[in-house]
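Throughout, protein chains are lettered first and strands after them, A, B, ... in sequence-line order, and every chain is numbered starting at 1. Bear in mind that the values here come from a model prediction, so they are computed numbers and not experimental data.
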Amino acid sequence: MLSEDSKFMKPYNPLETEKRIYEMWEKSGYFNPGNLPSRSDLAARDTTSMPTFTIIMPPPNANGRLHAGHALFVTLEDVMTRYKRLRGYKALWLPGTDHAGFETQVVYEKKLEKEGRSRFELTREELYAEVMKFTLDNKANTEADLRSLGASCDWSREKFTLDADIIKTVYDTFKQMSEDGLVYRGKRIVNWCTKHQTSLSDLETNAETRTDKLYYMQYGPFVIATSRPETKFGDKYVVMHPDDARYSQYKDGDKLPVKWLEGEITATVVKDEAIDMEFGTGVMTITPWHDMADFEIAKRHNLSGVEVIDKNGKLTDVAGEFKGLKIEVAREKVVERLKELELLVKEETYEHNVITCYKCNRILEPRIMPQWFVKMEPLAKPAIEAVKNGEIKIIPDFQEKIYFHWLENIRDWNISRQIAWGIPIPAKICANPGCDYGVVDLDNSVSGKCPKCSEGELVIDPDTFDTWFSSGQWPYATLHYPDHSDFKEFYPTDVMETGQDLIFFWVSRMIMLGLYRTGKVPFKNVYLHGMVRDGGRQKMSKSKGNVISPVDIGEQYGTDALRMALVVGNTPGTDLALAEEKIKGYKLFANKLWNITRFVLSNTDTEGRPRAPRGLTSVTLTEADQKLSDHFEEILQDVTKDLDNYRFHLASEKMYHYVWDEFASVILEDSKNIFFGQDEEAKISRARFLTETLEKILIVLHPFMPFITEEIWQSLGKGSLLMIEPWPIK
RNA sequence: GCACCUUUAGCUCAGUUGGUUAGAGCGUACGAUUCACAUUCGUAAGGUCGCAGGUUCGAAUCCUGCAAGGUGCACCA
């Protein structure tokens, strides 16, 4: 019998167990693939020729605690890594944390606001130092949270996105791209957030449908329609479709005198096919400085424009007496003035979309600024090809369509950000605000007058990189491209597992930059998970009070229970409803496993019945037990196939059902009859089957429920670590 | 506007590349047990697989159309 003080006489206590087990794993050194022992069940004779399996962890933003979404990615990647490790691979899961540029600065600005301070009271250096301290504090929390979730990642290789070697790689890429003509500095229209005082990429914007007024105004012989009369000061081009019969008397380039806001001006007629003849009157004036579409038209016809709205969202000198007014106020006043001048024809309401900042939801002001851009088309083509030819497989496969669609219509990427928290752009720019000259300068060796305008001094670019420009290089940067042995051994990596919301932001950019810099794909498989929602499919949010904190839940129900709840029934690309009841259910499962062990140990290790499980391998199984064993073998084959094909939701559920509904409910119940009966042969046969099968169950469940399985394994007196046991079938 | 996803039991979801009477968890009803189980075990009820066509010997699964919900992308002032 088990002794009275055996741990199996009490229910499983995850809180007491998990930390101890994690420390044991970490101390073993086996998170580092270089330390893994050679395996006799593999063809390989030593670790250097063992097959590798590599996942680079998507680095969590070091600006808060881990949430349920993080718990999902940790679980999935840990399942993959642990499975491959058990299979005998040199499994590397390389962890990291992200300074998360704009994201973190926004979080920090909110913190400042709460304290009654503002980012703009601080110098860039002061702000940088404060955010760095905040980030490093959070980084430590993030690492602790990853450990508590059981992440079997190689801490000896951990990277931070601001590590000096990462920055060097990013700089080298920037320089190379500049030399290859893929990076250029130009005055282009960008999305400007007046709150955050930075430009944003197209991805960092939201479109919001609003109902606004559309104003019809007399503009010389034309009536034009606009929703933004306050921007119309400098408008001197009037545009219409070349095929519009209503205006066929006007020719491209015609000059007309027009009575306008600022008095008598000369308007120039422009014919462009971008004009929708159905909309409004089919005539509009253009504002190249503050409208994307207008900018495109202006570019086509080489038209000039003026800045009407400044960085703070206020009107400039061009607006004369309206100078300094905020947009909303200015709009009303300008409309009043138009009425006085009898230029306002009519007002209508209409529905249209406005582009807003994805962080603060304020309307973004398009404006023209000199910025660094990446030419995307040459990068996109090979990235499309890599997926089309199967070098990279995306799971779920429908995401491939979304990927192609985006890359085939891609526009150049603005990588300049006017924020302090980030990697500085290593370049000199012309101090003359009217000039857009810039030159990459990694070693701070360029100075003097601007060679383009020969007016401005060359000064250090105060801007930082869009954080996705650096994280897009994460796979090869973390493996120390180009010369390090890690890069040679582990690149291309096997799986990139991340949220499907990152397919454009991150995945596609890693593919493009990886192919560009290394000539190879950064990973062979992309596994995209959905969002974690609450039990009623609602988004988790602090204000709704439905947030499930993985660390708290882990303490309450056990991390293994949380991990099972995150995996079972969770298909890639589909959002997961995570109810507390579900987690509770897997806590019961953990308890079940615990008690199964208790039963097996007490019945195979007691006087008068078979003991010493290690001696049982020579026992011949009865016909009945052989059948049970064969059936379990089938389950194992099936589950292994699921794991090989990324069907973790099926593998975990099948094991759950086998363990509970067959092994426990049927086989253990039946075993009671055998053990309390007289057939000694049947007893030792069953004892062998139970001990062997339990051990295999522990191995196969280990990727999903690492803590309890290891804890049980340690109690079996095997003297080994479950984490590196060989998988029970070939 | 375009694209993509979803639609299966009261709720949340599976259904492994078309194949016997469609499954799970939770919930519900009834019963049993406390002899591995801070419990567990058994039994049961409950589904026109969104709707309408089509392909097929055979469709939840493939095709077409429609509807509802969701997401993404792009835009016309």
Open item on the list: Could you measure the distance from the OG1 atom of T574(A) to the NE2 atom of H649(A)? Nearest 0.5 Å is fine.
Closed with: 9.0 Å
Task: 5' priority, RNA chain B, between N595(A) and T285(A) [closest heavy atom] - done: N595(A)
TODO: Take atom CE of M240(A) and atom P of rC76(B), then tell me their distance rounded to the nearest Å.
DONE: 18 Å
Which atom pairs, donor and acceptor, lie under 3.5 Å between side-chain atoms of residues 583-591 of chain A and protein residues at least two apart or in another chain?
none

Task: Nucleotide pairing, RNA chain B (Watson-Crick or G-U, distances under 3.5 Å), in dot-bracket with [ ] and | - done: (((((((..((((.....[...)))).(((((.......))))).....(((((..]....))))))))))))....
Every protein N/O within reach of nucleotides 1-6 of chain B N/O, cut-off under 3.5 Å:
none

- [ ] Would you please confirm or rule out a distance under 4.0 Å between OP1 or OP2 of rA36(B) and any side-chain N or O of N603(A)?
- [x] no
TODO: Considering just the side-chain nitrogens and oxygens of K592(A), establish if one lies under 4.0 Å of OP1 or OP2 belonging to rC41(B).
DONE: yes
- [ ] Check the distance between rC13(B)'s C1' and M564(A)'s CE and give it to me in whole angstrom.
- [x] 15 Å
- [ ] For residues I392(A) and E400(A), report the shortest heavy-atom separation together with the two atoms involved.
- [x] O-OE2, 4.4 Å
- [ ] Could you tell me if the ring centre of F233(A) sits under 6.0 Å from that of W260(A)?
- [x] no
TODO: Report the relative orientation of the aromatic rings in Y646(A) and F648(A); use parallel for angles under 30°, tilted for 30 to 60°, perpendicular for over 60°.
DONE: perpendicular
Below 3.5 Å is the cut-off: list the nitrogen or oxygen pairs between protein and nucleotides 63-69 of chain B, distance only.
none

TODO: Evaluate salt bridge (charged side-chain N to carboxylate O under 4.0 Å, His left out) for E296(A) paired with R188(A), printing each intermediate quantity in order.
DONE: CA-CA 10 Å; E296(A) 294 296 324; R188(A) 298 261 319 262; 5.5 Å; no
- [ ] Nearest-nucleotide wise, let me know which of G569(A) and A664(A) is further upstream toward the 5' end of RNA chain B.
- [x] G569(A)
Task: Cationic N near anionic O, under 4.0 Å, R210(A) to D212(A) - done: no
Open item on the list: For Y656(A) together with F704(A), are the ring centres under 6.0 Å from each other?
Closed with: no
- [ ] For each nucleotide in nucleotides 22-35 of chain B, reading 5' to 3', give B when a protein heavy atom comes within less than 4.0 Å of its base, S when such contact involves only the sugar-phosphate, and - otherwise.
- [x] --S-----------
TODO: Flag the pair F373(A) / W413(A) as yes when their ring centroid distance falls below 6.0 Å, and as no otherwise.
DONE: no
TODO: Would you check if the distance from the ring center of F632(A) to the ring center of F689(A) is below 6.0 Å?
DONE: no
Open item on the list: Under 4.0 Å, heavy atoms only, any strand: does I286(A) hit a base, just the sugar-phosphate, or nothing?
Closed with: nothing
Task: Within 6.0 Å of CD in E208(A), more than 12 heavy atoms from elsewhere - done: yes
Task: I503(A) CD1 to rG72(B) P, straight-line distance once rounded to whole Å - done: 14 Å
TODO: State, to 0.1 Å, how close R598(A) and F8(A) come at their nearest heavy-atom pair, and which atoms those are.
DONE: CD-O, 2.9 Å
- [ ] Look at all strands and tell whether R411(A) reaches a base, only sugar-phosphate, or nothing, counting heavy atoms closer than 4.0 Å.
- [x] sugar-phosphate
- [ ] Say whether, by atom type as modelled, one donor and one acceptor occur between the side chain of S665(A) and the main chain of W660(A) under 3.5 angstrom.
- [x] yes
- [ ] Look at all strands and tell whether A579(A) reaches a base, only sugar-phosphate, or nothing, counting heavy atoms closer than 4.0 Å.
- [x] nothing
Open item on the list: With a 4.0 Å cutoff (strictly under), does any side-chain N or O of S602(A) reach OP1 or OP2 of rA36(B)?
Closed with: no
TODO: Assign F8(A) to base, sugar-phosphate, or nothing according to its heavy-atom contacts below 4.0 angstrom with the strands shown.
DONE: nothing
Quick one: which protein N/O atoms are closer than 3.5 Å to N/O atoms of nucleotides 15-20 of chain B? Pair and distance per line, please.
unit_1, atom_1, unit_2, atom_2, d
rG15(B), OP1, H649(A), NE2, 3.1
rU16(B), O2', R647(A), NH1, 3.2
rU16(B), O2, D642(A), OD1, 3.3
rU16(B), O2, R647(A), NH2, 3.3
rU16(B), N3, K654(A), NZ, 3.4

- [ ] Identify whether the distance between the nearest side-chain nitrogen and carboxylate oxygen of D642(A) and R647(A) falls below 4.0 Å.
- [x] yes
Task: Enclosure of Q678(A) CD (heavy-atom neighbours >12, cutoff 6.0 Å) - done: no
- [ ] State, to 0.1 Å, how close W289(A) and I189(A) come at their nearest heavy-atom pair, and which atoms those are.
- [x] O-CD1, 3.7 Å
- [ ] Return the value, rounded to whole Å, for the distance between atom CG of D575(A) and atom C1' of rG72(B).
- [x] 13 Å
Open item on the list: Whether the H241(A) and D272(A) side chains hold a donor-acceptor pair (N or O, under 3.5 Å, no angle test) is what I'd like checked.
Closed with: no
